[in-house]
Amino acid sequence: MLISKNWLKKYIPEIEKFDSLQIAKELTTKVAEVEQIIELREDISKIVVATITAVEKHPNADKLSVCQVNAGPMGNMQVVCGAPNVAVGMKAALSLVGGRVYSSSTKSIGNTMEVVETDIRGVKSTGMLCSERELGLNDNHETILDLTETKFTPGEEFDDVIRDTVFEIENKSLTHRGDCFSHQGIARELSAILNIGFTPFNVQFNSSQTASLPIEIRVETQKCGYFAVVTIKGAKVSESPFWLKLELGNIGVDSINNVVDLANYVMYDIGQPLHTYDYEKIADNKITVREARDGERYVGIDEKEYTLNKGEVVITDNKSIQGLAGILGAKGSEITDETEDIVIEAARFDNYAVLAAARKNGIRSEAAIRFSKNVDPQITRKALENIVNLITDITGGELSSEIVEIEAVAVEKDPIKIDLKDVSRVVGVEIKPQKSIATLEKLGFTVNEKSDINTNDISVNAPVEVNVIAPSWRFDTRIAEDLIEEIARIYGYDLIEPQLPARKTAAVKIPDISELKRAISNILLRLGMDEQINYSFISESMRANLGIDENNMLKIINAISPELNWVRSSILPGLMKGAKLNTEVNSMRNFSIFEIGRVVDKNSEIEKDIPSQPWTLGMLSTTDEDRYLEFKSQIETVFEGLEVNYSWQEIGAGNNAINNPFGKDVLHKGRSAGLFVKSNDENSTAENIGFLGELGRAKTYEMFGLDKRIVMMEVNLEKLLPHWLKRESSYKNVSTLPESYRDISYWIGDDFKIGDFLTYLEEQNSIGKISSSDKVDLEFKLIDEYTAEKQRSMTIRIVMKPRHSTLIDQKINSINEEIEQLVKAKYKLQIR
Amino acid sequence: MDITSVKENFSKINKSFKADVETLGALKSAKDITLVETGFKEVLEKYLGKQSEIQAVLKSINKIENPSDKREVGMIANKLTKEIEEKLDSLKKKLLEVILVEVEKEEVIDATRPGASNVAKIGHKHIITSTIERIEDIFTNLGFEVEYAYEIDSPENAFDHLNIPESHPARDNWDTLWVEGGNLAIPHTSSMQNRILKSETLPVKKVIISKCFRNEATDATHEHTFHQVEGVYMDTRASMAEMLGVLLEFFYAYYGKKLDHKFTPDFFPFVEPGGQLALEFIANTKDEFGKVIDKRSFIEILGCGIIHPNVISAAGKDPAKAKGFAWGFGVERVFMVKEKIEDIRLFYGGNLKFTKQFI
């Protein structure tokens, strides 16, 4: 939106005194961002108004004229001019010798040149009569600017008249301020900010009808809050007067004709969009405002055809749609040079309805912008009165109807009670009640009961309560907090001195889950794994490929992006995608990645109607060769580092079993294990918190190629957390006594679970089933497993660390014997 | 045993040792450490090992009857043992000094070349994680507790309780991703505000961090997934000045220096008064003549404000007695302006070439 400084002077004359940069800064920090300051015609000078008193043909050039001009106090001059429209009695813009004008050459637009006294083919020329291009008004260079119809007097400075500063204001931030989309609105804001006088818009309506053109209206929808029309007979539609073209041109609005320009002028002046129709084109002199039927069509003045949706408000005559209400008029009924009789409409429409219809039909119009941010209900009729005055004055048309209107329901605004002391409390700087009142009044608010305030005796605790009524054009101020924002805004957010809240000293720690996440990632990073953060969603093709059950995932119902079909129930699909990307794009081989994030378990709830979203750790290793056990060892390092008791078991079928989310043919058939953890408390049983598995060979071949191995692990951190919080330090006094060991080899069956075997021995030891466990620390390790001639065997090493005295052979043998007994009690194993 | 023959035997040993020493000396030109090692080991074994003549003599020393002879033989044997040890030690040292100098000459490496590439590398933390951890640490230092939002939540928590009723057109502005059953993927971390304001007693000082989502197609500046940090402060009193104080304190700690700020009014349905904070960053850029200059510009970094009374009421608290402020900013944004990252898609693209640039 462009705002002209010259135009603002109409409301706030003192604005002249203020530097443009300062104005821009104040608007930016207090109203809306000024994106650009445009100085119009700042580099032309010494241009005055002059009257042509005589015109003669140039003796030596057919196309040139020799003009005698009178520039009032500046004297009489002789000027040679090439324009065909020079005439005696004409008023024009004269550049005096030594002045600067824009170059008339189209090749050097924007450059200026100095006007010098010159001799043109033997005739002296002192100064120059200027074209619009030379004045920087528009591109016309065929004729000189004709100022005959203006009130300027010879000798008056003209460069000052056409010079202006224009502020380009970013309008997105003015969400609820339709009033600010006008010069009056911005002027009012500036009057409050700069504390300068403001003269509000007013109109003296000349209501006398001198002709008659009947018009009827009918409103059939609640979405139209007010509707009024009036007719003008015999208007002479033509080029706009100089002042109008200048003011509109300065804010970047093209001149169409005097009627359309005036409607625009009123809108940019006071913020009320108006619409003008050719009276002849309105069938049966009757205008109806109604809601559109689904699929109704009309062609806008932009010549595009629109297919409307049910409920969108349209303006119709008895035959066809004449406009999409508050958004865009229809082609056919617009004002043209042939128009003589005019209908002018001033209305208000529901702002949300306009917003929705403009969005749906993809139309951005100045009217729609204003209506969708709400228009001052008290200005609509005045705007109509104003344009009637202007059109009758400028076009010579006659008022030919009364203002036909559908009376609006008057909306009384509730007073807002505010304790002005709250202003200082909320803003955090001292703002005196008088200052708050002055600010509100400058902005058009009415402050009642203010006389009750004793300015000299405002005791510390007594509230200073007043009732405030918001002006008709404000729709965004309903509660005291809204008023505080108004006061703080005009005071200046930038003047607020930061201060820290009076702090109660309280130690704060990060949440337990965050501690756990950090502990895990620290270990994984040291192991050389890189962290990923993937989307919380997966595509349908990924889901189908991995055979994840649709019943276990939440479906997204309105995604634009094709990747977002499901909310993830596992970290692993994302890691697989990541592994594939880096293998293919970065030619990476043999690497491990991990991610810690929330997954969604559709089938359980964390709160009523909110699904569980456990923090989950996913790890993936991709290698060229089989490194399943190496990866498993790294995972064991993590759980050793976390100091939790863990074990590997077959994934059970129990209720709490954590199974892989994939379809049954996705994982390798013989390489899955469940991870179980157990707390240190007495009654704790091992809980399944995750699973380890390898991507099946066929699936790996399909997704990554025959020469790859993909091993993955997923751990539910919410399940791990309570166990981890109960962890005990694994610190043991370091004994300097030499340790001993015994190795025992067994023949074992193909289904034998070494993990279970080791867990069994550890458990037996921890519950004191080995008599010397208080004197000797025992450790059970698998040191070898192999299969030869279809016979599988394992070698277990029993490491014995004495705490107090060196182990003698006898003792070693007795420990060994006890362990043998324990094994025999549960397993039938043959010693190799 | 005859003492004289013992002595003779010792002198023969000594003579033979000297000859062997000379042979060892010739290893000097061999430039071979292994040869030196084995040569010396053999000679040591020959004269002082378990099978050596000196050992044999010492083993049979008890057969000498005369005590003074016995002592003398013992002394001679010990002396000879010591001499042999010392001689071998000093000679080995001398020899190696010469040889190792030669060896070094053959071990010259271009020390400027990069190290071997086949060693284990450390892993890399994702930059979003590092940034979040830093943010968590700074806010805990400021006395704020950290909480994580649910990624899937109800429209009541994401909108209704936040002064954005269903009829409010602003609800469309969030481009929300909806899931089956009526819930949504949270468009902002404010979704936790109602729970927090409801359950906590004053004063409340919380920071909420989470992934958030918008229903957008991705390009260099748009991403449907991002991380947000929400702050909620509530006490019997709270002011904009205090809000500004907390935020500037945070950014000072995060960026490691004081940055100029711009604080301007802004509109968000859940705060009133509302504002927007911009910080001044300096970037190297080229002017029209190609000269490198510092370009200073204010970059919008967050939205904030005094918590709207409707939000406080929705949490069952009396807005006359509980006042608060809240803010929200994007983790990616805070980091991007620091590192001048231009393509937001890099964060969640999974490309390790990006991840590995940050430790």
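Atoms considered below: every heavy atom in the structure, side chains included; atoms not considered: hydrogens, waters and symmetry mates. In what follows, every chain begins at residue 1, and chains take the letters A, B, ... in the order their sequences are listed. Note that the structure is a prediction, hence the values are computed from the model and not measured.
A salt bridge between A:Arg478 and B:Glu272 is absent, with no side-chain N of the basic residue lying under 4.0 Å from a carboxylate O of the acidic one. Electrostatic pairing of B:Glu136 and A:Arg518 counts as a salt bridge here, judged by a charged N lying under 4.0 Å from a carboxylate O.
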Practice task
Please step through salt bridge (charged side-chain N to carboxylate O under 4.0 Å, His left out) for the pair B:Lys262 and A:Glu33, ending with a clear verdict.
Solution key: CA-CA 12 Å; B:Lys262 221 187 231 176; A:Glu33 191 185 345; over 6 Å; no
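B:Phe263 and A:Tyr493 have tilted rings, their planes meeting at an angle from 30° to 60° on a 0 to 90° scale. The aromatic rings of B:Tyr148 and A:Trp615 lie perpendicular to each other, with more than 60° between the two planes, well past the 30° mark. Ring-plane geometry between B:His224 and A:Phe537 is classed as perpendicular, the angle between the planes exceeding 60 degrees on a 0 to 90 degree scale with a lower cut at 30.
Your options are A:Gly428, A:Gly528, A:Gly597, and the one with the most heavy-atom pairs under 4.5 Å with chain B is A:Gly528.
Checking B:Asn183 against A:Asp609 by side-chain atom types alone, no donor-acceptor pair falls below 3.5 Å.
A donor-acceptor pair is defined here as one N or O able to donate and one able to accept, closer than 3.5 Å; such a pair exists between the side chain of A:Glu531 and the backbone of B:His126.
Looking at B:His124, the atoms closer than 4.5 Å to chain A (heavy atoms on both sides) sit in the backbone and in the side chain alike.
Counted within 6.0 Å of NZ on B:Lys321, heavy atoms from surrounding residues, nucleotides or ligands total 12 or fewer; the atom is thus considered open.
The heavy-atom pair separating A:Pro498 from B:Leu248 by the smallest distance is CG-CD1, 3.6 Å.
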